[in-house]
Structures are given as C-alpha cells and as structure tokens.
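One structure is given below, encoded as structure tokens.
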Amino acid sequence: MPGKDLPKAYDASTVEDAIYAEWEASGMFNPDNLPDRNQSGEPYCIMMPPPNRTGTLHMGHASMLAIEDLLIRFHRMQGKKTLWVPGTDHAAISTQVKVEQLLIKEGMKDPRKELGREAFLQKVVAFAEGSANTIRNQVRKMGSSCDWSRERYTFDDDRNVAVNALFKMMHEDGIIERGYRVVNWDPQFQTTLSDDEVLTKETTAKLLTFTYDADFPIAISTTRPETKFGDTAVAVHPDDARYKEFIGKTFTPMFCGKQISVTVIADVAVDPTFGTGALGVTPAHSMVDADMAVRHELPTVVVIGADGKMTAEAGPSYAGLTVKEAREKVEHQLEQQGLLQKMEEIPQNLPVAERGGGVVEQLPMRQWFIRVNRPFALRQDTLGKWKQGDDVTLKELMTYAVESGQTSIMPDRFRKTYFHWINNLRDWCISRQIWFGHQIPVWYKGDDTRVSPTSPGDGWERDPDTLDTWFSSGAWTFSALGWPNKEEWQKYRAYHPTAVLETGYDILFFWVARMILMSAYAIGEVPFKDVYLHGLVRDEQGRKMSKSLGNVLDPLDLIPKYGTDAVRLSLLMGSTPGQDVKLSEAKVEGFRNFTNKLWNISRFILLSTEGTGGEGQKTLADRWIIDRLNTATASVTKKLERYEFSSAGEELRDFTWNDFADWYLEIAKVEGGKDAVLRQVLKTLLPLWHPFMPFVTEHIWKEMGSDTPLIITPWPAANGLGEGDTQDAMRFEILRSLVTDARRLRAENGVEPAKQVEITLTASGTVKKLVEENQRVISHLIRASAISIADAAPEGWATTVSGTTTVALNLTGAVDVEKERAKSAKELTEARAYAESLRAKLANEEFTSKAPAHVVAGMKEKLEEAEGKIEALEK
RNA sequence: GGACGCUUAGCUCAGUUGGUUAGAGCGUCUCGUUUACACCGAGAAGGCCGUAGGUUCGAGCCCUACAGCGUCCACCA
C-alpha cells in the first residue's frame, strides 16, 4: 500500500503484546483449532519443562522457550498437529525453603513451628500461585505459542491422582519399599535428600591419626573423630602384613570414656597406602562403611541424631553436644591422653545441601526407596523388547531406552554420561520430611500398612512425609496428557512419546533419566524420541550469571528495550547443543538491528511496489535471487529438522542482508518492474523467519494484507518460486565479482564515492554479453558514468583483474586533487619519521651487536620498504 | 582418582565423511546522507587453527603426548 504510514524504525514494544493477544484469541495454539491440513498431520508434542514456582524466569528459561517455540512454530507451519503443553513445577523443597527464608526475613524465627503445618502450607501455596502468575506472563512475553487451555501443574489434582497411582503400582510390584538405611540428612531443614541434591564443597579438614585407647594395637585416621563412637570395626587390606595377625579379633577399647566394640576385618576397599592403612568403620554414618558393614555383617551404632547432635550412644559426656563441639572435645581428649599421633590439614570435599547449603549428615533412617536393581514383572509389553510378565529391573529399562536409540540424546557425548550415571545409580530415596509436596499415600494402623490416596477408615494414620519433587516430574510426559484417567489418556495417546524434550544439560540426571524410568515402567514406552540439551546461558566472560556477581541479564529488562525477537535471536544464534551460550547486551543490540533491517526491507517493498501486477520480464538478477532463495529454503528446512538452529539462522541472515538487501534491492531500484518478484521473495522469507522472530514477521505479514495469519501459513517449499536457474545464478556471480573488484579499485585509488567514473572492461564471449546486457545495473552499483567494453585496457587507467576480465577505471577528474595532495603530504611526513627512527636504531652499534640477526635484518627490510614509499610519494 | 568438553581473527563463535586461497557477527581503520534502513552503505586491515611429534599425496579436522581452561561423577577414611 504505497503512501501508507510505516515508521522508519521498527518499535517492537508497540506491536508485540497486541500480536500475542491476537494469536491467543485465534486459538491457534490449541491443536484442535488448527486448519484441516494440520488435523490430518502427524502429532507433534512438546512438554514444556515446568519452571519452578520459586520466583521468576531467568535467561535459561528464556533460552528454553525460544528453542521450543521455534520447534513448535516450524512444525506447525509444516502441517503437523502441534501441541505444546505449558506448566509449572511445585518444586517441593525449593519452594518451601524459599518461603521459609522470606518469612524469616519478615521477622519470624522458626516459621514452621510458629505457624504449624496448615498455616505454613497456606503461605507456600499463596507464594507459589503468585510465582505462577509471574511465570505465565513471562512465558507469554517470550512469544511462546503454547496451549494455555492445557496448562498443567505438577501439584494439581490430576497430577496427584497420577502420583498416587504410580506409587501404588510400584509398591505392588515391590520396587517401592520402606527400609532402614543410611540416607543423606539435612539437619538444617530436617529432611532427607537424594544423592543428586547433595553437592560437595571444597574445604580443608583436620586429619587425626590416633588409637582408640592405649591398649588398642592399630592406629586409624579420620576427619570425623566424633563419629568414632559408632565404630564397630577396623578395616585393613587383606594383604597388609602389618595387621595380618589382628584380622578376625574383636577388641573393646574405651574410646573417650565410652566403651566400644570393634572387630578387625579385611576388605579390599581399604587403601593400604593412605594414612596408617587402617580405617575405622562407622556403618551408621557413612554410605561406604554401611556397604562394608553389609558385607561383613557388622552391627550399626547411631551416634548422631536427626537434630545434628550426639546421641546417648556417644556416652554421657558427649550426648547432646553438637557435632562440632563433639569433634573439638574428642580431639582435645585424645591429645590429653597422649593417643593422638598426628594431626594434619588435608583438603576435603564436604557434602552440603543443594538448597540451603547446610552440611549434610549421613545417618540411618526408616524411609521410602525406589529400588533400581530389583527385578519385577512387567505389567505390559515394554520398549519393544520385553513382554508382559517378563522380569526386569528399572536400571535395565533406563539403559535400553537410550541404548536402543528409542530416545536419542543430543549432543551424543551425553549418552556416555547417562550410562555412567545409571551404572552407579543407587536406590532412590523418595520420602521427604518437608510439608510442601505430594503426601505419601500410605496409611498405618499398628503394624498394618495400606497404600491409598484416602483414609482406609477409623484409626488409620497417614504417613506425614511427602515425595521427592522429581517423583511427580518424572511422570510429567504422560501425567500431563491425562494418565491414568483412561478416557483422557485415550484422547492424547497419539501425542506420546512426545517429540522432543528440550532442557538444560544440568538436569540430565535429576529429570531426564527419571522421566525415562517412569515412562518405561508405567506405560512401556520412552517419554520422548529426542532429547535436546541446550547449554547454560553465561555472561560475556563465560561466568555463570549470579546476583552476587551482578552480571545477571534479565529477559524482562531486555525485552522492552530491544524486543522479544531480538532476545530470541540472541539466544538461538551461536548456540549449539550442550555448548554454553555467552550473552551480552551488545549481542542483543546487534539482533535488534537485524529486526529493524528486516523491517526496512519490508518497508521498502511495501512502499515502492503495488500489491498486484508489475510482472515484468524476468532478468538475470531475478532468476539469481529466486535461485538463491530456493537454495536457502531447502537448506534452512534441512537444518531446522536437524536442530541446527544457529546455522539455519545464519544462512537466513546471510541471504536476507547480503543477497536480498544489499544486492537485489539495489538492483531493483534501477531495473524496475520487480514488484512481483520482490513481493514473492518477501512472502517466502517471512515464513522462514517466523519461528525465529515471530512478532516482526507476523506484523509485516499483516501489513502486506495477507488474509491468513503467518503462524498457520504453510512452510515454504524449496522451489516455491518456480525453478531457479542455476546457470543464470552462476552468471550473476560473475557480475557480482566484477562489481566488487571495481569497487575495490575505486577505493584503492581514492576515488570520491560520489564521483562518477568511466569504466572499461576488457571482456569476451559470455562475459562480454553479460556486461552488455547489464550495463545499467553495473553502473548503478559502482557509480559509473559510462561503461564500455574493449579488447585492451586504455593506457594510463587503473586496472585490476577479475577472473578472466580486466576492469579498468578512468580516474581523470574522479579524484579530489587537493584532498589527495593533503593526504599524501601527511603520509610522506609519517613515512619520513618512521624511516628516520629506523635509521637511528640501526646506526646504534650497541643495538646491532646485541640484537638477534633476524631482528636487524627485518628492520633493514622495513627501512627499504619505507624508503620506497617515500620515493613513490615524492613523485 | 575416573570421565567428558574446550583451545581457530582484538572479542564471541562456525568449520559438515581430511581436499583449491580457513569463514561469520561484533569491534577496529578509511570513505560516504546515493528517494528502505546511520539500528545504514562501500572498502580495508587482522589467523604458525594451544604446543610437540606421528599417519597421509594432502591435516583446523585422524592418532599420540604435553600444557592451559572448564564441567560432571566418585571419593581416601
């Protein structure tokens, strides 16, 4: 629409919200409302990794949303029946800790005690709801085309039904079991933790070497002397000659006022070269020792309680002391008794809680576990390998799902990490003593136990514990699709296995592995066909973004400033699977510039062409740009199918900016009659860009007067603009190099850009014909007043060789003589000064005798060069 | 201790089964208001592809060793 008012600069902030609202209102995020071609298309489903309801979204989430939305839009346009399910995660311990910290900040001392379970939970729920609203708004801001009518929450009623059903099944199959074992215990938050929720912190510790008492014949080393009240054995290596005579004997030494009983055992796990080669075994407070205790049938003595204080087992003078106090006291007492042989500082990895950061103790407790190595009878045919009733273990299921390629992990190297993790996987402790989460559906009455979501009757008491948050998120792919409700699940069955799980590589173990476990177990198939692991978003120096470093880039700050499209592009470009992506504001700004470029390309086309007509004879340039676009379309499509977003985007940008804008648009200004081609190219280009930058493309699409929204416009076919002519494309490339060479020649000879020059080309054959036919274009592109073709370059003209052609420029009158003279004068002065300084250096004998020969030789060469330049300038 | 990744232009990164002269963006320098865009255009400079060996007609790519940086897992009590 010529004459229409289109702003010179694209302002994302004025259009994005309205466009999102239109999309949402049109219902196109919901697969049921898509056009017929999608209805008959293949189902394509992505489960959004549910962000934790602990606050707001960060750049990692923005990256996830950009990638998933790109995939969904691409496949939607390709005619698939696309479903993207949004959701949030209750995140159990994280959310509870967060709220607790907030309440403490508000002045409470011990919020849980002060409020009680009900009131405290109300606070958590209120906070989580507020957080969910923020998240919903942010997900929308990113332009995510997810189906809001199917939003899920890992802690909503239907998901609770799924969790309970899953728990019951696993309990019946004997893979969920209650047991008394050593677990990770967080004394700060009074709950168990899974192995994956425990991190290590590097510190130093005192390593004490001592004997339990004066009569005990073997010295041991430890950094945890206070746990030694719980020792029930001393382990040595079976081949260690020093201790051979003691193996099998039991001693009852008096350790710091408490009599203990230790048997000397031989175990190959002991390193004879470390310390004294003997190790005090504490089955209650070390998982490694606990394993050893099982092998040697050792008794367990608990000396540290759940409150983090010493128990009565540590003797009357230690009971009630904190671990730290006890450690100091033992050290002191050993020293006084003369039992301490050595004390040294050694580096130590201290186990700490992922949330909260408190020191984690290992101690035995009665908890619920998922047994990963226990065989059970399958309820259905599974993974195409096992039949109903076959005996397998969960580990076998997890391994086979990936090994068989039913789930493929990108990048490939994470397969190894995955298998390694599975091999070392221990039983998964799933019960937590926190309040916020799915309560364990188990009831007790005396010695009776009943698994049920509701009370079995009078006198039954429910297990107060809740489930590890990953238990419910492990079921996410199928619980979010209605399982175990038969009717619902039937409706969504075709969407499972989901197409791809796209998430950060940091939660491969936490989540990805557990989803495979749950899905293979419960429904006999993998949860997703592909796993795409994106990198972490880091700052421009590659550091993690953190509040303390002050280097956090917030998507919500960047979006109003640069637009969502620019933010999306900067997260998609330069990002390859598993590779961390570095983000800086300058990068976002660069892509903002690109969105504006696309806008202005469109603006030019919209303002300078008619909606219809203008179909002139196709020229060389037309056939070239069509060929280039067809090639780019095919290549971009292929790359997107392979998850090569960055590469696809770069190719598109290259086409858009270099080929289309810098060459074709310039030519269009001279040749005219290009309305049809210009509009056709734009009409193909906008869909190609849409998955990357949905807003600006949809906006332009509307301005073009299209009747269907871009979001459901079919993806361009590779030869959508007709057969491109490759021969002509190659001919045009010859022209391009001619023009480029001529431009360089102009610049090298200091031709004022505004000046028109006369150009002669010595060309023959096809090139000659090419030049003759495209004289107007060439003269426009290199600002030539006249172009002629000759057999030889005229005498005195500046020349350069371009392929088989010689380009010659008549510089007469093209150079600003005054300016050139001033410039040469300046250069001459500089060159003389440089030469002088070199001569001075070379004249210095002290320098020439000391400096290496090649340095001196190099300086002589440079001097010659400078002298040559001076000579040339003086002419 | 085990495993993995990275090292290419000043910066951030591509580089597809080894094959002509190693690419892009940003930055730098020079020039420029030519009726889409200065959030722009034209041109230029800038690389012993971490180090040292090896395989090959040929190596940024394959092999070996080493160095630096980073990540994960396990953990010595």
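Being a predicted model, the structure only gives us computed values, none of them experimental. Below, read A as the first sequence line, B as the second, and so on, with proteins coming before strands; counting in each chain starts at 1.
Atom CZ of A/Phe591 is separated from atom P of B/A24 by 15 Å (rounded to the nearest Å). In this structure, the CH2 atom of A/Trp511 is 20 Å from the P atom of B/C72, given to the nearest Å. The separation between A/Leu536 atom CG and B/C72 atom C1' is 12 Å, rounded to whole Å. Regarding A/Arg327, its CZ atom lies at a distance of 12 Å from the P atom of B/A77, rounded to whole Å. Rounded to a whole Å, the CG atom of A/Leu199 is 12 Å from the C1' atom of B/C73. The NZ atom of A/Lys587 sits 9 Å away from the C1' atom of B/G25 (whole-angstrom rounding). Protein atom CG of A/Asp240 is 15 Å distant from nucleotide atom C1' of B/C76, rounded to whole Å. B/A3 atom P lies 9 Å from atom NE2 of A/His420, rounded to whole Å.
Straight-line distance between the C1' atoms of B/G23 and B/G46: roughly 14 Å, to the nearest whole Å. When the C1' atom is compared between B/G32 and B/U17, the two are found 46 Å apart, to the nearest whole Å. The same atom, P, is picked in B/C73 and in B/G54; the two are 40 Å apart, to the nearest Å. The gap from the C1' atom of B/A67 to that of B/C76 amounts to 28 Å, rounded to the nearest Å. With C1' as the reference atom, B/G60 and B/C6 are 14 Å apart, rounded to whole Å. Taking atom C1' on both nucleotides, B/G18 is separated from B/A59 by 6 Å, rounded to a whole Å. If you take atom C1' in B/A9 and the same atom in B/U28, they sit 12 Å apart, rounded to whole Å. On the P atoms, B/U34 is 16 Å away from B/G41, given to the nearest whole Å.
Legend: residues meeting ring pair (Phe, Tyr, Trp, His ring centres under 6.0 Å) with A/His699, ordered by chain and number and at least two apart, are A/Trp599. For A/Arg628, the side-chain hydrogen bond (donor to acceptor under 3.5 Å, both in side chains) partners at least two apart in sequence or on another chain are A/Asp659. With sequence neighbours excluded, the residues that form a side-chain hydrogen bond (donor to acceptor under 3.5 Å, both in side chains) with A/Asp271 are A/Thr273. Listed by chain and number, the residues in a side-chain hydrogen bond (donor to acceptor under 3.5 Å, both in side chains) with A/Thr656 are A/Trp689 (sequence neighbours excluded). For A/Asp580, the side-chain hydrogen bond (donor to acceptor under 3.5 Å, both in side chains) criterion is met by A/Tyr505, A/Arg538, not counting sequence neighbours.
Checking side-chain atoms of A/Asp289 against main-chain N and O of A/Thr282 turns up a donor-acceptor pair under 3.5 Å. No donor-acceptor pair closer than 3.5 Å links the side chain of A/Asp675 to the backbone N or O of A/Thr609.
Sorted by first then second residue, the salt bridge (charged side-chain N to carboxylate O under 4.0 Å, His left out) pairs that include residues 589-602 of chain A, not counting sequence neighbours, are A/Glu589-A/Arg592. For the salt bridge (charged side-chain N to carboxylate O under 4.0 Å, His left out) condition, the pairs that include at least one residue of residues 647-658 of chain A, sequence neighbours left out, are A/Lys639-A/Glu651. Each salt bridge (charged side-chain N to carboxylate O under 4.0 Å, His left out) pair with one or both residues in residues 273-286 of chain A, not counting sequence neighbours, would appear here, but there are none.
Each of A/Arg744 and A/Arg653 was matched to the nucleotide of RNA chain B holding its nearest heavy atom; the match closer to the 5' end belongs to A/Arg653. Residue-to-nucleotide proximity on RNA chain B shows that, of A/Val198 and A/Thr740, the 5′-proximal contact is made by A/Thr740.
A close approach under 4.0 Å does occur between a side-chain nitrogen or oxygen of A/Trp657 and OP1 or OP2 of B/G41. Between A/Lys416 and B/A3 there is no side-chain polar atom (N or O) within less than 4.0 angstrom of OP1 or OP2.
Across A/Val182 and A/Pro283, no two heavy atoms sit closer than the pair CG2-O, 3.4 Å. Between A/Met573 and A/Val581, the shortest heavy-atom contact is O-CG2, 4.5 Å.
Remark: the A/Asp267 side chain and the A/His237 side chain contain no N/O donor-acceptor pair separated by less than 3.5 Å. Side chain to side chain, A/Thr209 and A/Gln341 fail the donor-acceptor criterion of an N or O pair below 3.5 Å. Of the N and O atoms on the side chains of A/His420 and A/Asn424, at least one donor lies less than 3.5 Å from an acceptor on the other residue.
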Q) Nucleotide by nucleotide, 5' to 3', does protein get under 4.0 Å of the base (B), only the sugar-phosphate (S), or neither (-) in nucleotides 34-39 of chain B, counting heavy atoms? A) B-BB-B
Check nucleotides 14-21 of chain B against the protein and report each pair of N or O atoms closer than 3.5 Å, with its distance, or say if there are none.
| unit_1 | atom_1 | unit_2 | atom_2 | d |
| --- | --- | --- | --- | --- |
| B/A14 | OP1 | A/Thr576 | OG1 | 3.4 |

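Taken residue by residue, residues 203-212 of chain A places no heavy atom nearer than 4.0 Å to RNA chain B.
Candidate nucleotides B/G43, B/C75, B/U12 were compared by shortest atom distance to the side chain of A/Lys582, and B/U12 ranks first. Comparing B/G43, B/C76, B/C4 against the side chain of A/Arg743 picks out B/G43 as the nearest.
Backbone-only contact: A/Val288 has heavy atoms under 4.0 Å from sugar-phosphate atoms and none from a base.
Ring geometry, A/Phe655 versus A/Phe660: the interplanar angle falls under 30°, so the pair is classed parallel (tilted spans 30 to 60°).
Stem regions for RNA chain B, each three or more consecutive Watson-Crick or G-U pairs with both distances under 3.5 Å and listed by first number, read B:1-7 with B:67-73, B:10-13 with B:23-26, B:28-32 with B:40-44, B:50-54 with B:62-66.
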